[in-house]
Amino acid sequence: MTTLTLAKAMNLGLRKAMEDDPKVLIMGEDIGKLGGVFRVTDGLQKDFGEDRVIDTPLAESGIIGTAIGLAIRGYRPVCEIQFDGFVFPAADQIITQLAKMPLRSLGKLKLPVVVRIPCGGGIGAVEHHSESPEAYFTHTAGLRVVACSNPVDAYTMIQQAVRSDDPVIFFEPKRRYWDKAEVDTSSAPDTWHPFDTGRVVRQGADLTMLAYGPMVKTALEAANAAAEEGRSIEVVDLRSLNPVDMPLVTESVRKTGRCVIVHEAPVYSGLGGELAARITEQCFYNLEAPVLRVGGFSTPYPPSRLEEHYLPDLDRVLDAVDRAFGY
Amino acid sequence: MTFTTDPLTNPPTDSLSTADQIDLYRQMVRARQFEKRCYDLFLQNLVKGTTHLYIGQEAIATGVSAAMSEGDYTFVTYRGHAHLLVRGTPMGPILAEMLGRSNGLMSGKGGSMHLIDASRGVLGSYAIIGAQLVIANGAAWAAQYKETGQVTVCFFGDGATNIGAFHEAMNFAVIWNLPIVFVCENNQYMEYTPIRSVTAVDRPAADRAGAYGLDPVVVDGNDVEAVYGTAAAAVHKARTGGGPTLIEALTYRHGGHSRADPGKYRPDEELQAWLAKDPIPNYRSALIGRGVAERDLDLIDAQTRHEVDEATEMAKSGGLPADELLWTNLWSDGSSGWRT
């Protein structure tokens, strides 16, 4: 066991992936010599060379396009998008080509491309540097979309993403980059939690709280606070946003009868809406209350002095818990 | 990055053998007759979805392909039927794909705009303008990284020169010295709009080449031998570590942009002037002038008609794809399940 920050766990996971498979390449803006603005790729260019850890021009469409071409010819590129809001210039390639070419080619062309996106707010950054664009990608068939919430998942899930033959959009909670945990870097991949499954991170009996990425920690804090009032909350870290581990979700909701979904992205047309609909369809007779959602407001991401007001916090989550118990 | 040089493969040449010349003619005739049959079948309501025909531009795909080697990579646009034909994809499966049949090249799932034949290095037809330019760089890089000596050729239209991906791709290709040849088929129209009316420069590709440290290369895209010569030099340069080339080939689309567009927005005198520069009858005359027997060329025409007829029969004989086709290959395991 080693104590690692989430960023360092990502770094070691990427390093292991590159050691395991010479076809793994890493590309992005400022990722080589600098090691990335969050230092997730720190030291990798020095050890693996400029041909495998590639500083690219500032051109997201070109980065993802080049990665697609490399993947068609057998490579496994991992692309870093420097900040969440910078993924939109690459959205053309991701949505029109990366997601569709495997299907279009009847599976003959596989695209094992990983697109890493530091996401979410909470670090005093601003618009384009604090966003949660996951729903744009979960809406697009053909993309696996995942979010890690802690150092252990960061270490294992990035390696699972690289091994996946499907394109993966990999969200990293940037405000949790400095969170620490014990990580067993000697564990065997077959002992890891399966890539496309969620995980119950706190057992509970009265309410299921679904969260992913940066909000898992907030959800756990809310559950601890609610416990002081005698409410037993089960927290599920979804981890995989497409596909979603619906069996795990429905099993939990059928047990607890209540569900609150928490994400940083705006509530309107967010992933929570899809989850609420599915839970309602599949658990209708078990529900004691409507499925409630807590998320960002339907505004552009605010300037840093207002972000504490914008981001879902303990109060907003606990308020939703109160409402769920009020029915 | 190092690069394996192989100057013996496709050296630039000033002379084509008579057999080579006749083959250039044959390939252009195949492309022309194929596209005409597509149009006929479209009018019979047998082609489902859209089509974008290549009639008038055949010298470009033919000349460039002749300069390429087996194993080289090709990226094409939604106007790409002919490019697959000249790279060796049989006519029948392409035509069956036009008809949306299960015996089509993509089992009826791709349609006219998304033909792929990876076995012949055709790594996709792209219908988002400019998308293939940056992707082609990736394939070129893979070849360079693996030192295979393969060259990537990426075709695109004049309209693509105004989209960001074109400019990103040129920069990437040059900074990485990639073994790639970009071929801009300037057919004068960005869909329905004259390219000159929406572009800052007269030559949409060549006039931008200097911005990326590339030489401006313009070729008569209706002269198949000129295209071949220019492409051969560019392919040779790419294969021997000389990096990318951007070629602008001037040509004209005889028909409209897509489907049954009659192209009435084009001045008649412009159309007539370009029809007089039709690459196929002009090349036929040139070959006859060099002593090729007219009956030999007639025979090629007849053989091609037979080939197109056979392809048509094959295409029409195909069944419609099963509904289940919709649910295949979303994920790499072949399924489309919500969970795999």
Side-chain angles (χ1 to χ4, degrees), chain A residues 23 25 27 50-52 54 56-75 77 89-90 92-93 95-113 141-144 164-167 195-197 240 242-247 278, chain B residues 1 73 75 105-107 109-111 113-119 123-128 130-146 148 150 152 154 163-165 167-173 175-176 178 325-326 328-334 336-340:
Chain A
K23 297 285 191 186
L25 309 175
M27 50 199 302
E50 294 181 9
D51 285 356
R52 290 189 66 194
I54 302 137
T56 66
L58 202 164
E60 285 80 6
S61 168
I63 294 167
I64 303 300
T66 304
I68 293 171
L70 283 161
I72 290 174
R73 301 322 306 157
Y75 287 90
D92 177 7
Q93 287 289 333
I95 294 169
T96 70
Q97 309 301 333
L98 184 61
K100 295 182 171 65
M101 203 180 310
L103 176 138
R104 201 184 277 154
S105 70
L106 305 170
K108 292 191 182 81
L109 301 182
K110 296 198 188 315
L111 295 182
V113 175
L143 300 173
R144 280 182 183 271
S164 167
D165 281 337
D166 296 312
F195 187 46
D196 56 0
T197 59
S240 178
N242 188 12
V244 166
D245 190 352
M246 283 309 292
R278 285 177 181 266
Chain B
M1 295 182 203
Y73 300 140
F75 289 78
L105 184 64
M106 317 306 299
S107 304
K109 201 168 186 175
M113 296 200 297
H114 288 126
L115 303 170
I116 301 170
D117 189 352
S119 68
L123 300 178
S125 309
Y126 295 78
I128 294 293
Q132 75 274 22
L133 279 83
V134 282
I135 297 173
N137 275 340
W141 188 355
Q144 176 167 267
Y145 191 65
K146 284 188 269 195
T148 63
Q150 290 159 296
T152 297
C154 179
I163 207 162
H167 299 274
E168 292 187 26
M170 292 305 132
N171 188 51
F172 275 70
I175 63 170
W176 293 331
L178 295 178
L325 187 66
L326 185 63
T328 62
N329 296 118
L330 182 63
W331 302 122
S332 57
D333 68 357
S336 66
W338 175 248
R339 287 197 63 205
T340 54

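Numbered from 1 within each chain, the chains take letters A, B, ... in sequence-line order.
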**Asked** In Å, rounded to the nearest 0.5 Å, how long is the span from OG of Ser105(A) to CE of Met106(B)?
**Response** 6.0 Å
**Fill in**
Cut-off 4.5 Å, heavy atoms of chain B, and the answer for Leu25(A) is side chain
**Message:** Working note: Trp331(B) + Asp196(A), criterion side chain to side chain contact (heavy atoms under 4.5 Å, CB included); need CA distance, chi angles, decisive distance, verdict.
**Reply:** CA-CA 13 Å; Trp331(B) 302 122; Asp196(A) 56 0; over 6 Å; no
**Prompt:** Which pair of heavy atoms, one from Ile128(B) and one from Asp92(A), lies closest together, and at what distance?
**Reply:** CG2-OD1, 3.5 Å
**Item:** Separation of Tyr145(B) OH from Arg52(A) CZ (nearest 0.5 Å)
**Value:** 5.5 Å
Show me the donor-acceptor pairs within less than 3.5 Å that the side chains of residues 130-140 of chain B make with the rest of the protein, sequence neighbours left out.
residue   : atom : partner   : partner atom : Å
Gln132(B) : NE2  : Phe155(B) : O            : 2.9
Asn137(B) : ND2  : Ala169(B) : O            : 3.0

**Request:** Let me know if Leu109(A) has heavy atoms under 4.5 Å from chain B in its side chain, its backbone, both or neither.
**Result:** side chain
**Fill in**
When the 4.5 angstrom heavy-atom criterion is applied to Ser107(B) and chain A, the contacting part is both
**Prompt:** What part of Ile116(B) is in contact with chain A, defined as an atom under 4.5 angstrom from a non-hydrogen atom: side chain, backbone, both or neither?
**Reply:** side chain
**Prompt:** Any chance the side chains of Tyr73(B) and Arg73(A) put a donor and an acceptor closer than 3.5 Å?
**Reply:** yes
**Item:** Considering all heavy atoms, the nearest Ala142(B)-Leu70(A) contact
**Value:** N-CD2, 3.8 Å
**Message:** Minimum heavy-atom separation for Leu106(A) and Leu325(B), please, with both atom names.
**Reply:** CD2-CD1, 4.5 Å
**Request:** Let me know if Ala59(A) has heavy atoms under 4.5 Å from chain B in its side chain, its backbone, both or neither.
**Result:** both
**Prompt:** Nearest 0.5 Å, what's the OG1-CH2 distance between Thr66(A) and Trp141(B)?
**Reply:** 7.5 Å
**Prompt:** Considering only heavy atoms, which portion of Ile68(A) lies under 4.5 Å from any heavy atom of chain B: side chain, backbone, both, or neither?
**Reply:** both
**Request:** Hey, could you give me the CZ/CG distance between Arg104(A) and Leu115(B), rounded to the nearest 0.5 Å?
**Result:** 11.0 Å
**Asked** Atom NZ of Lys110(A) and atom CG of Asp333(B): how far apart are they, to the nearest 0.5 Å?
**Response** 8.5 Å
**Message:** To the closest 0.5 Å, what do you measure between CG (Asp51(A)) and CH2 (Trp176(B))?
**Reply:** 11.0 Å
